[in-house]
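The structure under discussion appears below in the form of structure tokens.
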Amino acid sequence: MPTQITVRSVTKSFDDRLVLDAVSCSLPSDERAGIIGENGSGKSTLLRLLAGCEQPDQGTVVVQADGGVGYLAQDEQLPPHSTVQDVIDRALGDLRAVEARMHHLEAAMADGDESGVAEYGDLMTVFELRGGYEADARVERALYGLGLGMLERSRTVGGLSGGEQVRLRLAAVLAAGPEVLLLDEPTNHLDEDALNWLEDHLRTRRGTTVAVSHDRMFLERVATTLLEVDADTHGVLRYGNGYAGYLAEKAAARERGVQAYAQWQTDVAGLREAAATTARRVAPGRAMKDGNKMAYDRAAGRVQQSLASRVRQAEERLRRLLAEPVPPPPEPLRFTPVLRAARVQGSALDASGIGVTGRLGRTDLRIAAGERLLVTGPNGAGKTSLLRVLAGELEPDTGSLTRRGRVGYLPQEPPPGRPGETLLGAFARGRSGPAAEHREHLLRLGLFTAEQLTVPVRGLSSGQRQRLALARLVTQPSDVLLLDEPTNHLSPALVEELETALAGYDGALVIVSHDRRLRQRWQGAQLALSAAAPQAVGA
């Protein structure tokens, strides 16, 4: 299969901040690739490079697409005075231009001018390749599929909600039928029906699709290949066999790390023992034969020289092993339990009529020790405000709240850090014990390398700061965990590990999440918030 997208030794920085470092990858025609990684790792930058919206500082990007390239940016702003029809016409502009030129050449050829025959043939190939004859039908299918079928074409963009504008941009890009489709977080602002339609459409469309996404279910259903952008190395790793292959390779890499560390420990212990044992072996302990002291001494000298050489060789191999140690495998994430004798019994959180003016309607809830609650609802329903009230970060205007035990809180947006504070300093803040102990504890989690511990927190990406917040959370005993969109900012592999850790947590747990996979797997009670009145739903 021919290569359609080639990235060769690409480096990209912004304001002296390295984002991508000597990245190389390629994608064949008709590939469906997902770009993954934590927030701030460079996923959108890589997609903009493919779209030609950014130029690399070094290296080359080649996209071969006679049928055109379509690009959905995550944060593009549409002109507020444009109409829905204007947005669609703009997306189909290239096709309309090709069609108009074809009509012009058709008229000329009908009058006997054959000079444009070759050009007409080329335009016809491009028009058919991009499905020009089905363009209007694609517009209708995309609008209806994304829940905009009843939208009047004369409506201005400024009168649409933010979600409607995102879906309109997505519909327009899909309707253009480009050979290469580049999408940045296309599942944002889509309901379940629209998500299902989009996934079906992308699985069946002709051409190459590359999508940045944090949606694990979308990746599982659509992507055949994953490109992971690593925020720490600024490189890109490729995984085949879709999302399942990605998880399998991550698990295999972890197992290889465990085996490599065990082998390194075995080799070090073996060399130390060999050096010590060989050094203790002394030749002169043998009985002298035939009273020949000279021969005896010569033999003893040869044995001692041989033994000394073997000791030196063992010590040299040991020195090399110790100079390049194999790091121990990271510990699986595991939330620190509270001592059994000190655990909360009965109710951990008891709220009666708590509300925040303009943010959260009056809400009642009671969370027993060990109970799990998933909070859902549309944007603006007050989910984050509810968690902030429960965590004690926001005072309610009405109602009362009783907390029992230690509360651990993970906000939706990771804190920016204090001026001049390093990663290790932020992790250790407010905790007793020496810095060396905190350093060892943090490194055991495998979330950061030793070199990163001295980096200022304000120089970290949002994904790295979320890892820091998570590290503090899992190493502090808690009776209640309050997690606001905990899968945001993190890489899919770390999200999977986090879910496993939560499954083993035996305290009370309250989560706000839009993550489809997390919600699909949820076992526990649910609380659906709305702008009108919250409604509790049983497990």
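All residue numbers in this chain count up from 1 along the given sequence. Keep in mind that the numbers below use all heavy atoms, side chains included, and drop hydrogens, waters and symmetry copies.
Residues Glu38 and Arg465 are not paired through a salt bridge, judged by the lack of any N-O separation under 4.0 Å between the basic side chain and the carboxylate. A salt bridge links Arg516 to Glu199: at least one charged side-chain nitrogen sits closer than 4.0 Å to a carboxylate oxygen. A salt bridge is absent between Asp215 and Arg519: the closest approach of a Lys/Arg side-chain nitrogen to an acidic carboxylate oxygen does not fall below 4.0 angstrom. By the 4.0 Å N-to-carboxylate-O rule, Arg101 lies close enough to Glu119 to be salt-bridged with it. Arg388 and Glu413 are not joined by a salt bridge, as no carboxylate oxygen comes within less than 4.0 angstrom of a charged side-chain nitrogen. Looking at Glu185 and Lys43, no side-chain N of the basic residue comes within less than 4.0 Å of a carboxylate O on the acidic one, giving no salt bridge. Salt-bridge annotation for Arg216 and Asp515: present, with a side-chain N of the basic residue lying under 4.0 Å from a carboxylate O of the acidic one. Using a cut-off of 4.0 Å between Lys/Arg side-chain N and Asp/Glu carboxylate O, Arg90 and Glu76 are scored as salt-bridged.
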- Glu228 vs Lys250, salt bridge (charged side-chain N to carboxylate O under 4.0 Å, His left out): CA-CA, chis, key distance, verdict: CA-CA 11 Å; Glu228 183 177 35; Lys250 284 289 185 181; 2.9 Å; yes
- Applying side-chain contact (heavy atoms from CB on, under 4.5 Å), run through Asn39 and Asn488 and close with a yes or a no. CA-CA 8 Å; Asn39 281 16; Asn488 283 1; 5.5 Å; no
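For the 3.5 Å distance criterion, the side chains of Gln452 and Asp232 qualify, holding a donor opposite an acceptor. For the residue pair His234 and Asp21, no side-chain donor N or O sits within less than 3.5 Å of a side-chain acceptor on the partner.
With Leu20 as reference, Leu49 is the one residue of Thr11, Leu49, Asp57 to meet the side chain to side chain contact (heavy atoms under 4.5 Å, CB included) rule. Among Arg203, Arg32, Glu31, the single residue meeting the side chain to side chain donor-acceptor pair (under 3.5 Å) criterion with Thr224 is Glu31.
If you take CD on Glu249 and CZ on Arg254, they are separated by 14.0 Å, rounding to the nearest 0.5 Å. Atom OG1 of residue Thr376 and atom CG of residue Leu527 lie 7.0 Å apart, to the nearest 0.5 angstrom. Taken to the nearest 0.5 Å, the CG atom of Asp30 stands 9.0 Å off from the CZ atom of Arg205. Within the model, atoms CG of Leu146 and CD of Glu164 stand 12.0 Å from one another, a figure rounded to the nearest 0.5 Å. Taking CD of Glu179 as the reference point, atom OG1 of Thr209 lies at 11.0 Å (rounded to 0.5 Å). Note that the CG atom of Leu174 and the NE2 atom of His201 stand 4.5 Å from one another [nearest 0.5 Å].
Between Tyr133 and Phe127, the distance separating the two ring centers is shorter than 6.0 angstrom. Aromatic ring centres of His514 and His189: separated by at least 6.0 Å.
Heavy atoms from other residues, nucleotides or ligands lying under 6.0 Å from CG of Asn241 number 12 at most. Counting non-hydrogen atoms of other residues, nucleotides and ligands closer than 6.0 Å to CG of Asn379 gives a total of 12 or fewer. Atom CZ of Arg8 has 12 or fewer heavy atoms from other residues, nucleotides or ligands within 6.0 Å. No more than 12 heavy-atom neighbours from other residues, nucleotides or ligands sit within 6.0 angstrom of CZ on Arg206.
Judged by distance alone, the side chain of Gln58 and the main-chain N or O of Val10 form no donor-acceptor pair under 3.5 Å.
Between Pro492 and Ile36, the closest side-chain pair of non-hydrogen atoms falls below 4.5 Å.
The shortest non-hydrogen separation linking Gly382 to Leu360 is O-CD1, 3.7 Å.
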